[in-house]
Trainee: 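Below is a structure I'd like to ask you about.
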Amino acid sequence: MTIALTDRTEMAERYEPSLDDLFERLERMPVPEGYKTEIVEGTVFMSPQRDTHWEIILEIVEQLRTRYSRNRIKSDVRFDFPGHLNGFAPDVVALAKDARKNDRGRWQHGDIECVAEVISEDTAANDYGKKKRAYALAGVPVFLIADPYAAECHVLTHPGDGAYKSELTVAFGEKIDLTGTVAGLVLETADFPTEA
C-alpha cells in the first residue's frame with residue numbers, strides 16, 4: 001500500500017514536512033497491526049510481514065549474533081538516510097561496536113556495518129533501486145538483498161559515488177562469504193525459505 005502525505009493542491013506557500021513531521025502523522029493513523037511503515041523519497045510504504053519474510057530475517061539475525069552482540073543488531077528500527085525524505089526501517093541492521101544514538105535518540109546511518117533487506121512483492125523496486133542508492137550514498141559497507149521469489153541473494157559491497165562497486169549473486173542454499181568485509185562472517189542460506 002502506498003500513501004502520499006503531501007497535499008498536491010496549489011498553495012501560496014509550499015510547506016514541505018520533515019521526516020519527523022511525516023512519522024508523527026503516521027503515528028496518529030490507524031496502521032494495521034503487522035504492517036511495516038517506511039518513507040522512501042517522501043512516499044509512505046506500508047507492507048505486511050509474511051512468514052517467509054520473517055523467517056529469513058530471523059535466520060540472518062541468528063547468524064549475525066555469532067559476531068555482533070544483541071544490542072548491535074536492529075530490525076524494523078527507523079534510520080534516516082541521505083536523499084529526499086528517506087526514513088527507512090531496514091529488515092536487519094548490524095551496527096559498529098562504537099555506535100551511539102544521536103542527540104535526538106536515533107541510531108545513525110554512519111554506524112551501520114551491514115544492512116539486509118528481504119524482498120516483498122509490493123516494495124521490491126525500492127530495495128533494488130531507491131534504497132540501494134541511499135545505502136550506497138550513506139556508505140553502508142555491506143548491503144544484502146534476500147529475494148525469496150528468485151531464491152537468491154545479492155551481496156553489494158564497496159560503496160562509492162552513490163553506487164556499489166561490487167555485486168555478487170548467490171543462490172539460496174549456497175554460502176555467502178563476508179569474511180573479507182567488515183561483517184566478517186559466512187552466512188548460510190540453506191534454510192532460507194522461498195515464495196511460490
Side-chain angles (χ1 to χ4, degrees), residues 16 18-19 22 36 38-43 45 56-57 59-61 63-69 71-104 106-120 123-172 174-189 192:
E16 175 141 2
S18 69
L19 272 174
L22 293 174
K36 174 180 171 175
E38 295 184 297
I39 300 173
V40 180
E41 294 185 355
T43 301
F45 291 88
I56 294 173
I57 290 170
E59 278 291 325
I60 293 169
V61 167
Q63 292 181 59
L64 286 174
R65 285 280 291 122
T66 64
R67 167 118 168 46
Y68 292 89
S69 60
N71 64 344
R72 291 176 51 208
I73 299 174
K74 308 297 172 191
S75 180
D76 290 342
V77 173
R78 176 184 166 189
F79 285 81
D80 296 344
F81 286 91
H84 179 69
L85 296 177
N86 283 324
F88 305 160
D91 290 326
V92 181
V93 168
L95 294 169
K97 194 174 217 168
D98 59 351
R100 300 282 178 264
K101 290 184 179 181
N102 63 21
D103 58 352
R104 297 167 76 193
R106 289 199 198 96
W107 297 104
Q108 302 169 82
H109 65 76
D111 291 330
I112 296 174
E113 291 187 348
C114 178
V115 65
E117 296 285 5
V118 181
I119 295 299
S120 294
T123 58
N126 287 338
D127 295 329
Y128 282 117
K130 295 173 183 177
K131 286 176 141 187
K132 178 179 169 181
R133 185 171 41 257
Y135 291 148
L137 282 169
V140 173
V142 179
F143 175 30
L144 171 71
I145 301 172
D147 188 335
Y149 300 94
E152 63 188 19
C153 290
H154 300 269
V155 183
L156 299 106
T157 57
H158 302 94
D161 301 323
Y164 281 97
K165 307 293 185 202
S166 177
E167 182 172 349
L168 173 67
T169 302
V170 177
F172 280 14
E174 296 179 16
K175 295 179 182 182
I176 300 173
D177 186 354
L178 298 175
T179 56
T181 72
V182 68
L185 73 155
V186 175
L187 280 176
E188 300 280 350
T189 67
F192 285 13

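Because the structure is a prediction, the values reported are computed rather than measured. Worth knowing before you read on, the calculation uses all heavy atoms, side chains too, and leaves out hydrogens, waters and symmetry mates.
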Trainee: Report the C-alpha separation of Ile112 and Tyr135 in whole Å, then their side-chain angles, then the decisive distance to 0.1 Å, and conclude whether the side chain to side chain contact (heavy atoms under 4.5 Å, CB included) test is met.
Mentor: CA-CA 10 Å; Ile112 296 174; Tyr135 291 148; 5.8 Å; no

Trainee: Under the criterion side chain to side chain contact (heavy atoms under 4.5 Å, CB included), which of Ile60, Ile57, Val93 is the partner of Ser75?
Mentor: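 Filter result, single survivor: Ile57.
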
Trainee: When you measure from the side chain of Asp127 to the backbone of Glu117, do you find a donor-acceptor pair of N or O atoms at a distance under 3.5 Å?
Mentor: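 Side chain of Asp127 to backbone of Glu117: no pair is present.
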
Trainee: Which distance, rounded to the nearest 0.5 Å, do you find between the CG of Asp111 and the NZ of Lys74?
Mentor: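 Output value for this atom pair is 11.5 Å.
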
Trainee: Could you check whether any side-chain N or O of Arg72 sits under 3.5 Å from a backbone N or O of Leu95, counting only pairs where one atom can act as donor and the other as acceptor?
Mentor: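 Flag set: sc Arg72 to bb Leu95 pair under 3.5 Å.
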
Trainee: Hey, does Pro82 have a side-chain heavy atom less than 4.5 Å from the side chain of His109?
Mentor: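 They are in side-chain contact.
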
Trainee: What's the shortest heavy-atom distance between Ala136 and Pro159, and which atoms?
Mentor: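 Shortest heavy-atom separation between Ala136 and Pro159 comes out as O-CB, 3.7 Å.
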
Trainee: So, for Phe172 and Asp147, which heavy atoms are closest and what is the spacing to 0.1 Å?
Mentor: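 Phe172 and Asp147 have their closest heavy atoms at CZ-O, 3.6 Å.
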
Trainee: Describe, in one word, how the ring planes of Tyr164 and Phe143 are oriented to each other, choosing from parallel (under 30°), tilted (30 to 60°) and perpendicular (over 60°).
Mentor: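 Tyr164 vs Phe143 ring planes: tilted.
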
Trainee: Quick one: pull up CZ in Arg67 and CD in Glu113 and give me the separation to the nearest 0.5 Å.
Mentor: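 Arg67 atom CZ to Glu113 atom CD measures 6.0 Å (nearest 0.5 Å).
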
Trainee: Has Glu174 got a side-chain atom pairing as donor or acceptor with Thr189's backbone, closer than 3.5 angstrom?
Mentor: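 No; judged by distance alone, with no hydrogens or angles, the pair does not exist.
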
Trainee: Distance from Trp107 atom CH2 to Asp80 atom CG, nearest 0.5 Å?
Mentor: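 Result: 14.5 Å between the selected atoms.
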
Trainee: Just wondering, more than 12 heavy atoms not from Asn71 lying within 6.0 Å of its CG?
Mentor: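 Count over threshold, so yes.
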
Trainee: What's the shortest heavy-atom distance between His154 and Thr169, and which atoms?
Mentor: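 Answer, listing the atom of His154 first, then Thr169: ND1-OG1, 3.2 Å.
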
Trainee: To check you understand the geometry: which heavy-atom pair defines the closest contact between Ile119 and Tyr149, and what is its length?
Mentor: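 Looking at all heavy atoms of both residues, the closest pair is O-CE1, 3.7 Å.
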
Trainee: Check each of Val115, Ile176, Asp91 against Leu144 using the side chain to side chain contact (heavy atoms under 4.5 Å, CB included) test, and report the only one that passes.
Mentor: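 For Leu144, the side chain to side chain contact (heavy atoms under 4.5 Å, CB included) check succeeds only for Ile176.
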
Trainee: Of the non-hydrogen atoms in His158 and Ser166, which two are nearest, and what is the gap between them?
Mentor: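 For His158 and Ser166, the tightest heavy-atom pair comes out as ND1-CB, 3.7 Å.
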
Trainee: So, for Phe81 and Ala134, which heavy atoms are closest and what is the spacing to 0.1 Å?
Mentor: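 For Phe81 versus Ala134, the nearest heavy atoms are CB-CB, 4.2 Å.
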
Trainee: Where the side chain of Lys165 meets the backbone of Gly160, is there a donor-acceptor pair that is under 3.5 Å apart?
Mentor: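 Answer holds: yes.
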
Trainee: Within the side chain of Arg106, is there an N or O that forms a donor-acceptor pair under 3.5 Å with the backbone of Arg78?
Mentor: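 It does not hold such a pair.
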
